[in-house]
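Below, read A as the first sequence line, B as the second, and so on, with proteins coming before strands; counting in each chain starts at 1. Everything quoted here is computed from the prediction, not taken from an experiment.
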Amino acid sequence: MDTSIRGLVAPDGSHVSRQVFASEDLYRLEQQRIFHRNWLYLAHESQLKHPGDFVTACMGETPVIVARGASGEITASINSCSHRGVPVCRADRGNTSRFVCPYHNWAFSVEGDLVAIPQERKVEHSVDKKALGLKKVPRIESVFGLIFGSLNPDIEPLEQYLGDMRFYMEAFFERFPGGMEIIGTPHKWLLQGNWKLPVENQLGDIGHAPYLHRALMSATPDATQELEDMAVTIVPRAGHAASLKLMSPDADPASFAWGLDRTSPPHMKEYLLDVQRTVAERLSPLQARIKGMSLGIYPNLSLLWGNATLRVSHPRGPGKIEYWSWLVLPAQAPDDIKEMLRGNYSVFFGPGGIIEQEDSYAWSQQLLGSRITYLNDQPYYYGLGMGEETTDPELPGIVGRCYNEHYARQFFARWREDMLGQESQS
Amino acid sequence: MSTGTTDRDLVCRVEQFYYREARLLDERCFQQWLALLDPSIEYLIPSRHVPMPDPGARDTEAFLAVDRELGRSGPDASPLRHDRFLQLAMRAMRPYKVTAWAESPPPRTRRMITNVEVEPLDESGYRVYSNFHLFFSQGGADNHSYIGCRRDVLRDVEGQFRIVRREVITDWDIITGPTMALLF
């Protein structure tokens with residue numbers, strides 16, 4: 001397998017085999033080498049305000065319960081009873097002191113400790129309940145309210161894993177006083193396609209917009225021009241990326257304040273502009289000038305900045321994605337403004353969005369091409385703009401202009417390294 | 001339990017209106033469909049999730065209330081869609097472009113509308129419940145069924161019904177159709 005993986009992705013990421021998106025064997029290996037080894041997004045702290053609050057999540061194919069325990073600490077445990085494996089939690093979210101397995105009613109605390117076996121008193125030998133808790137996710141760390149977990153106990157600290165990606169995350173998640181919060185429950189839908197394609201798309205493929213979305217963008221030719229002139233994709237560390245426009249220091253805040261558009265009523269405009277004017281002082285003058293487009297965190301978390309949506313691309317076989325998409329809004333915004341901001345997401349993205357309707361169609365169509373084994377000797381070309389990426393005097397990371405695919409080359413180079421990882425070490 | 005009308009003529013008119021609406025949508029006449037909408041239309045598709053059972057409501061119908069599973073509106077909800085006329089017009093007009101790639105080729109759809117219940121609200125307004133089965137076929141053998149119910153408010157404007165409000169409730173928590181951006 002090792003030898004064949006080497007040949008699937010060129011070392012510089014410029015060519016990626018179709019099999020990377022369609023092979024069952026590679027998919028199985030990904031579960032071990034990508035999803036068991038990296039930091040994965042689990043939940044947002046705003047969903048777990050009180051002790052006993054929980055939400056369910058997935059780490060690759062592994063179902064987990066993320067909860068705020070009685071002591072206030074955030075924990076995550078695998079959602080499978082230690083007795084016969086049945087999921088102990090069947091709700092998406094809630095508040096509870098106990099999860100009860102339906103099969104024999106073994107009961108677990110919200111932190112995953114086994115607290116009761118109803119049959120225990122009816123048998124003679126005692127059971128060591130301490131050893132039979134739900135298996136814990138060994139590492140949990142948070143940044144800007146985002147909770148990440150890793151199944152790899154030896155993984156580097158999250159801060160190091162993110163590196164300079166934190167700078168771009170902070171520019172979004174701390175932009176508003178009081179930070180951001182998740183609204184409602186995630187929209188989940190099962191898409192045909194490979195989990196890596198939506199990730200790659202939202203990592204930095206800003207150049208697809210004027211083409212795939214021409215039916216929508218043709219009405220605003222200025223937007224395409226602005227994209228080509230100003231938009232950049234920055235890779236602070238291979239696998240992560242931020243796409244954004246850096247506005248000039250004297251740009252009119254009304255031209256880029258987060259959430260603002262031509263339809264915003266006066267009081268909403270005032271609120272959003274007031275916040276924008278404080279960003280330089282609360283964060284930094286450089287972060288204040290960022291008009292963000294998307295953020296991507298390796299391996300499968302994406303944020304669409306202007307459309308207020310956080311999403312995870314969960315793998316469900318080489319040709320299936322369970323896509324989870326959340327609405328994320330400023331926690332302290334007035335209620336009526338929150339309701340108005342909601343449209344920036346649901347009209348365009350999510351299962352009912354007119355832009356994502358086109359994206360998801362393209363992602364499912366890509367799978368058809370990836371399954372043509374006769375073309376296994378014709379890898380996909382990822383070389384656009386190769387070598388044109390550079391550094392920026394202000395922004396941390398490697399910067400490429402619109403249409404430079406360096407973000408994807410870096411992603412697949414890291415994927416290749418991960419997939420080779422264990423065997424090359426042993 | 002609220003009582004629906006037994007006015008056969010009224011029920012028949014409402015059914016005929018829905019059949020015609022379904023035919024317009026299946027024949028891809030989305031622009032003509034827009035004419036069936038009241039300009040003030042509110043078109044809502046709530047999100048749906050699996051909540052934790054509420055032990056306090058046990059032994060009552062509230063224990064299994066469908067509403068607990070829906071995210072409709074308000075600052076804590078994230079409905080799948082909350083469209084007004086403008087957004088519906090965007091959706092209706094988009095497919096008629098050469099560059100509307102998600103409709104190239106256009107999906108083949110067939111809508112079955114059943115279980116129509118009509119409740120008069122006032123002189124010209126009606127609350128109407130209906131179920132739908134939308135068959136969706138686009139790419140070869142990749143076919144999908146969308147099943148759900150609609151809760152509408154219709155208004156009789158000079159003998160023609162107009163849709164003032166529509167709520168579409170689907171029966172899945174993980175959406176298995178390719179898109180919810182369709183006109184239900």
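In this structure, chain A has a heavy atom under 4.5 Å from the side chain of B:D142, while its backbone stays farther away. No part of A:I182 comes within reach of chain B, as not one of its non-hydrogen atoms sits under 4.5 angstrom from that chain. With a 4.5 angstrom heavy-atom cutoff, B:I174 touches chain A via backbone and side-chain atoms both. With a threshold of 4.5 angstrom between heavy atoms, A:E358 approaches chain B through its backbone and through its side chain. In this structure, no portion of A:Y323 lies under 4.5 Å from any heavy atom of chain B. In this structure, the portion of A:E322 lying under 4.5 Å from any heavy atom of chain B is its side chain and not its backbone.
The interface of residues 327-337 of chain A with chain B, defined by heavy-atom distances below 4.5 Å, comprises A:L327, A:D335.
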Exercise for the section: Assess whether side chain to side chain contact (heavy atoms under 4.5 Å, CB included) is satisfied between B:H49 and A:R93, documenting all intermediate values. Expected result: CA-CA 9 Å; B:H49 74 287; A:R93 65 168 181 182; 3.7 Å; yes

Exercise for the section: I would like to know whether A:K188 and B:I175 meet side chain to side chain contact (heavy atoms under 4.5 Å, CB included); could you show each step before the answer? Expected result: CA-CA 6 Å; A:K188 303 176 181 177; B:I175 294 153; over 6 Å; no

Exercise for the section: Kindly determine whether B:M90 and A:F348 satisfy side chain to side chain contact (heavy atoms under 4.5 Å, CB included), including the steps that lead there. Expected result: CA-CA 11 Å; B:M90 282 164 69; A:F348 303 104; 3.9 Å; yes

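Annotation: side chain of B:W101 is not in contact with side chain of A:H213 (no heavy-atom distance under 4.5 Å). Two residues are said to be in side-chain contact when any heavy atoms from C-beta on lie closer than 4.5 Å; A:Q192 and B:P178 fail this criterion. Residues B:V50 and A:R90 fail the side-chain proximity criterion, which asks for heavy atoms closer than 4.5 Å. Counting heavy atoms from C-beta outward, A:R342 and B:P79 have side chains that approach closer than 4.5 Å. The shortest distance between side-chain heavy atoms of A:Y361 and B:Q138 falls below 4.5 Å.
Ranked by heavy-atom pairs shorter than 4.5 Å toward chain A, the options B:G71, B:P95, B:G74, B:P53 are led by B:G74.
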For residues 56-64 of chain B, tabulate all N or O donor-acceptor pairs below 3.5 Å that involve a side-chain atom, not counting sequence neighbours.
| residue | atom | partner | partner atom | Å |
| --- | --- | --- | --- | --- |
| B:R58 | NH1 | B:P55 | O | 2.8 |
| B:T60 | OG1 | B:A57 | O | 2.6 |
| B:T60 | OG1 | B:A62 | N | 3.3 |

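Distance CZ/B:R81 to CD1/A:I354: 9.5 Å, rounded to 0.5 Å. A distance of 12.5 Å separates CE of B:M93 from CG of A:L216, quoted to the nearest 0.5 Å. Note that CD1 of A:I183 and OG of B:S47 are 11.5 Å apart. Values are rounded to the nearest 0.5 Å.
Shortest non-hydrogen contact noted between A:R98 and B:M52 is O-CE, 4.2 Å.
A donor-acceptor pair under 3.5 Å links the side-chain atoms of A:H187 to the main chain of B:S78, judged by distance alone.
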